[in-house]
There are 2 protein chains.
Amino acid sequence: MAEDTVSAALTLKDIAREAGVSLATVDRVLHNRPGVRPDTVRRVQETIARNSFQPHVAAAELARGRARRFAFVMPLGSNPFMQQIQAYLSEMSAWLSARRLSIEMVITDVFDPSVLAASLEELAGGNYDGVAVVALDHPSVRAAINDLVDAGGKVVTLVSDVPSSRRHHYVGIDNIAAGRTAGALIGRLVRPGYGSSPGKIAIIAGSQSLRDHAERIFGFNQVMASEFSHLDILPLLEGRDEDDRSEQLISQLLGEHPDIIGLYNVGAGTQGVAKALTEAGRDKQIVFIAHDLTAMTRKLLLQGTLDVAISQNPGHEARAAVRVLLSLARNEPILSEQEKIRIDILMRDNLP
Amino acid sequence: MAEDTVSAALTLKDIAREAGVSLATVDRVLHNRPGVRPDTVRRVQETIARNSFQPHVAAAELARGRARRFAFVMPLGSNPFMQQIQAYLSEMSAWLSARRLSIEMVITDVFDPSVLAASLEELAGGNYDGVAVVALDHPSVRAAINDLVDAGGKVVTLVSDVPSSRRHHYVGIDNIAAGRTAGALIGRLVRPGYGSSPGKIAIIAGSQSLRDHAERIFGFNQVMASEFSHLDILPLLEGRDEDDRSEQLISQLLGEHPDIIGLYNVGAGTQGVAKALTEAGRDKQIVFIAHDLTAMTRKLLLQGTLDVAISQNPGHEARAAVRVLLSLARNEPILSEQEKIRIDILMRDNLP
DNA sequence: CTCAAAATGAGTTGCGTACCTCAAAACGCC
DNA sequence: GGCGTTTTGAGGTACGCAACTCATTTTGAG
């Protein structure tokens, strides 16, 4: 009887007692505040580790008072994937407000390095606890990100990374692997040509100068060269992610090459490409692979025009970015397995 | 100046003032405690809704004092998928203890309805806040689940569902869709036979009486019949999820049928199946699809023996189960998009 | 040994909610 | 109008930690 070792959760007070110091000292150690001898710091940390003590997040959150503010820097325009991410962020509003978190959207031209860098520099004075940014990889953007980090904020790159910066985390996929996946699928799904040619593969992107597109193209070519070298890859077309232009380019290409058996659309403009395929009456013969799951690609998958959609889950990216920022702000470990974004292969039968 | 509408977060006190009642009454309404006139209840709820007030979860968590206890009822034996789920749960220990949550594992024979039901009934007296269970669909199990629910606990079925029970949530995949996905992939990846036959497809499962296996087989056959009727599906083999037995069955089958072009393993025993394929020297010619990502299936994918692994993410299932139980216990809404388990198509190039 | 600087102890306050008690007010019924 | 019951108000305590102040002790340099 009496006070037995009831395995009730330990508190800071218990740690203080066991380490033979006062609560104030434990607090100083826990928050890296100055004025504690290295020796004492070690003793306290050891006590914490020995008991695998974890501060009660609810208590910590309540005590700190002020709410946390995050900023999301997202691109202008009507990119459906980006809009989906924003929609999922809005969907979290109840979750966020119950935790006294606020998110501010900063819509800017992320494709202009100087504009993006300026937007980021502006945030540096805003006293944000964290920033998520769809980042273009450019020296001035890198510098702006590093400034944010130096100002004490946490920075997460979203969808598009700046590996050379000191950002804390990247939430997005490996686009080279995505391109490889597209290549492997095209190579394995196409049926050998009926005529003399073994079959040609067409590829269209928004622009080669977009980093994610370039990486996908690189991965795609890698696989085609090494594993499907018998297939004939046609020169890359650039559709600028526009439906009309893409449709026109593909229509013309289909006219010139009656022996196309596979088609990979690296970027947007899928609706235009699909239209060209359908109007040429060749949507069932040509294996068509594109990116992202939208209402439109879903429809195309169900009707068989599109064979595979390679996608990254926008909801997952939105939530992962928020969770990572929150964990970073709390100095909590990140569940890296949970936050890793996968390359989803979506076909008609495994549509979510 | 003066008190302007600073958009500081509202508190219960603000709600009480605005509704013209005391804190105690708001508290009674918020927790469905008796002793409040219906009229007043409505007025308070309207005030809460109008301001879209969300109680501060951290404060609520701190105030309630006692920690939450969850139980996970998992199967005996060495099923690697189940062991992965358990491993991911262990990995969350820091996350859990920082939130004063505890998880107790209850290992039992989930394939024996009476044993499973008994284990569940035992938990009903344990005063758990929530239970996650890998559930066999059987009347006595259903009754036990309903008892848990009646006792006030939250119940989540994991991996395997009991739709007819009053469980609050199911965390797992649609196995019919998984089977359909396997069928569509086999049908599209195989190369037409070289001889007279268009090619035969072999299928092996653990047992037809396992619900998840039966559902996958159903989905597989559905797709094969409707879309790939030119392919010849061989009679189902039952390998009891054992490597040795599966290897033997497949070896024999390969000997009898030189024109097999596709092979689908519905359950476990993938290592045995792969061995039979390799030893017959036909692993590169036959399209092989199996389930789940383990160290072994990963190796088989990389070396090309296995063409596709269809999987559900065990880490996601583990975390989703915990999060759903926690949200249910807090009477918080569930982010259903987040908790939905997807059917992953894994090939060599999109391995996580 | 002296003294200033560094390190530590002791204590307070507040965060927003849950949960409880007790008294007071309002209500419904006869 | 009186009575018992129901509803409401007012208030307190506790949860574990952050953040702060101020007094006291320890330390190291000269």
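Scope of the values below: all heavy atoms of this structure, side chains included, with no hydrogens, waters or symmetry mates. Proteins come first, then strands; the chains are lettered A, B, ... in the order of their sequence lines, and each starts at number 1. As the structure is a computational prediction, the values presented were derived from the model and not from experiment.
Rounded to whole angstrom, the span from the CZ atom of R43(B) across to the P atom of dT7(D) amounts to 14 Å. If you measure from atom CD1 of I48(B) to atom C1' of dT17(C), you get 13 Å, rounded to the nearest angstrom. Protein atom CG of L23(B) is 18 Å distant from nucleotide atom P of dT21(C), rounded to whole Å. Rounded to whole Å, the distance from CD1 on I15(B) to P on dG16(C) is 13 Å. Counting to the nearest Å, the P atom of dT7(D) and the CZ atom of R42(B) are 15 Å from each other.
The base-pairing partner of dG30(D), taking Watson-Crick or G-U wobble contacts with both distances under 3.5 Å, is dC1(C).
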Where do E339(A) and R323(A) land on the salt bridge (charged side-chain N to carboxylate O under 4.0 Å, His left out) test, with the steps shown first?
CA-CA 8 Å; E339(A) 312 308 356; R323(A) 278 192 306 252; 2.9 Å; yes
If you apply the rule side-chain contact (heavy atoms from CB on, under 4.5 Å), what do you find for F72(A) with Q86(A), and how did you get there?
CA-CA 9 Å; F72(A) 273 66; Q86(A) 293 185 42; over 6 Å; no
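The side chain to side chain contact (heavy atoms under 4.5 Å, CB included) test with L120(A) singles out one residue from V106(A), V155(A), I145(A), and that residue is I145(A). Residue V73(B) forms a side chain to side chain contact (heavy atoms under 4.5 Å, CB included) with just one option from V131(B), I107(B), V134(B), L158(B), and that option is V131(B).
In the displayed structure, E122(B) atom CD is contacted under 6.0 Å by at most 12 heavy atoms of other residues, nucleotides or ligands.
A sub-4.0 Å separation between OP1 or OP2 of dG9(D) and a side-chain N or O of T25(B) is present. Between T40(A) and the phosphate of dT8(C), there is a side-chain N or O to OP1/OP2 separation shorter than 4.0 Å.
Residue pairs that meet the side chain to side chain donor-acceptor pair (under 3.5 Å) test with at least one member in residues 146-156 of chain B, sequence neighbours left out, are D150(B)-R166(B).
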Contact string for nucleotides 14-30 of chain D, one letter per nucleotide 5' to 3', B = base within protein heavy-atom range under 4.0 Å, S = sugar-phosphate only, - = neither, reads -BBBSB-----------
